[in-house]
Each structure stands twice: as structure tokens, then as C-alpha cells.
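One structure is given here, and the rest of the page talks about it.
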Amino acid sequence: NQLPALFAPLIEDLLQGVRIKGTVAYSHFCTSSHLRIASLITAVFTAARNLLHVPTTLTTEAGDVLATNVRWASSLAARTKGLLGRGSFPSDIGALIFPRAKQVHTFGMRFEIDVLFCSAEWEVLHVIVRMKPGRISRIAPRARYAIELPAGVAASVTKGTRLTLG
């Protein structure tokens, strides 16, 4: 099921475009009809955002499964929190994908992680295996996604590998 992967960047861009001052379609001239439209827009985007949490599997082009139950850090809160404050990588999440991320850090984390930076075509641009807590990655300028995985999972992944979500 590629649906969440295909629509994630579009939905995120749309969500960023309509959210102003913490509300949807906020304006100094909002009338009740504007607020009804804003409520409808909010409902549509909330439903669309929920699509991003459909469990999926992350695999390499060779068919190796890197993670099941892949999650998207789709909201500002989810992107900010990420894996911070946890004692270990959550057992109910196989990987966490951050759209539009070119760099990650592990400040506030107490465990190592693997990180894959991928292009819009899901080509691996940079691999970090066992990134220690309290570190910051280098910038991957062409990256469209950063994928955080449990430590050691990405040991066999190399630059240039194509990934698929299914």
C-alpha cells in the first residue's frame, strides 16, 4: 500500500499552507460562513493526516524488510517530540519517517538509532549506523526524508539503495 507514502508530502505541504496562527484559514475578516468552511477544511485535513498513520512496511530494493509498522512524524508536535524522552526505541514502531528533514539530532535520547536520509524517489543518500545520544548529524542537502530506525537495522543499507513502502 503506497498511498500514505505517495500523499504524505502533498498533505504535509497543504497542511502547512492553510495553518496560520494555530487555526485553519484564520483571517481578520472571518464570518460565520468562513468559520464553517474553515471547520470543513480542518475536518478534511484531519482525516488526511490520519492516513499517514496507516501501518506500512519499509523494504529495500532487494526485498529486505527494514521495518514494519512505519510511522510518519506528520505534525509539528510529532516532529518535535520524535523519539525524545524514551528509554528505548518503541516496540510498537518499526521506523519513524520525518518528511522534509535534512538533519537529525539525538539530544535528549538515551539510546542509539540508525538514520537513513532519502531523496524524493526514496534513494538512500546518507546512512548513519548506531548514532549515539547527544549527537547531531551532518546535513544531507538533497534529502526529502529522514528515517529513524532501531540501532543496527540499517547496517546492511548502502548509499544508492532504493527503498519502498508497502
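Heavy-atom basis, side chains included; hydrogens, waters and symmetry copies ignored. All values reported here derive from a predicted model rather than from experimental measurement.
- The two residues Ser137 and Ile128 come nearest to each other via the heavy atoms CB-CD1, 3.5 Å.
- For Ala67, the side chain to side chain contact (heavy atoms under 4.5 Å, CB included) criterion is met by Leu58, Val70, Ala95, Leu149, not counting sequence neighbours.
- Side-chain atoms of Ile147 and Leu163, non-hydrogen and from C-beta on, do get closer than 4.5 Å to each other.
- Residues passing the side-chain hydrogen bond (donor to acceptor under 3.5 Å, both in side chains) test with Thr60: none are found, sequence neighbours excluded.
- Shortest non-hydrogen contact noted between Ala154 and Val129 is O-CG2, 3.9 Å.
- Expressed to the nearest 0.5 Å, how far CD of Gln103 lies from CD1 of Ile139 amounts to 4.5 Å.
- When the side-chain hydrogen bond (donor to acceptor under 3.5 Å, both in side chains) test is applied to Ser119, the partners found at least two apart in sequence or on another chain are Glu121.
- Rounding to the nearest 0.5 Å gives a distance of 9.0 Å between CD1 of Ile113 and CG of Leu96.
- Smallest separation of non-hydrogen atoms from Ala101 and Ala146: CB-CB, 3.6 Å.
- Checking side-chain atoms of Asn69 against main-chain N and O of Gly94 turns up no donor-acceptor pair under 3.5 Å.
- Here the side chains of Met131 and Asp114 are not in contact, with every heavy-atom distance at 4.5 Å or above.
- Legend: residues meeting side-chain hydrogen bond (donor to acceptor under 3.5 Å, both in side chains) with Ser91, ordered by chain and number and at least two apart, are absent.
- Atom CZ of Arg142 is surrounded by 12 or fewer heavy atoms from other residues, nucleotides or ligands within 6.0 Å.
- Taking every heavy atom of both residues into account, Pro99 and Trp72 meet most closely at CG-CE3, 3.6 Å.
- By the side chain to side chain contact (heavy atoms under 4.5 Å, CB included) test, Lys132 is found to be paired with Glu112, Arg135, residues two or more places apart in sequence or in another chain being considered.
- By the 6.0 Å contact criterion, NZ on Lys81 is enclosed, its count of non-hydrogen atoms from other residues, nucleotides or ligands being greater than 12.
- Scanning all heavy atoms of the two residues, the minimum distance from Glu123 to Gly160 falls at OE2-CA, 3.7 Å.
- Residue Thr59 forms a side chain to side chain donor-acceptor pair (under 3.5 Å) with just one option from Thr68, Asp64, Thr164, and that option is Thr164.
- Between Tyr145 and Trp122, the angle of the ring planes stays under 30°, which puts this pair in the parallel group of the 30/60° scheme.
- Evaluation of the side chain to side chain contact (heavy atoms under 4.5 Å, CB included) rule for Ala120 yields Arg144 as partners, not counting sequence neighbours.
- Summarising the geometry of Arg138 relative to Leu125, their closest heavy-atom pair is NH2-O, 4.4 Å, with the distance given to 0.1 Å.
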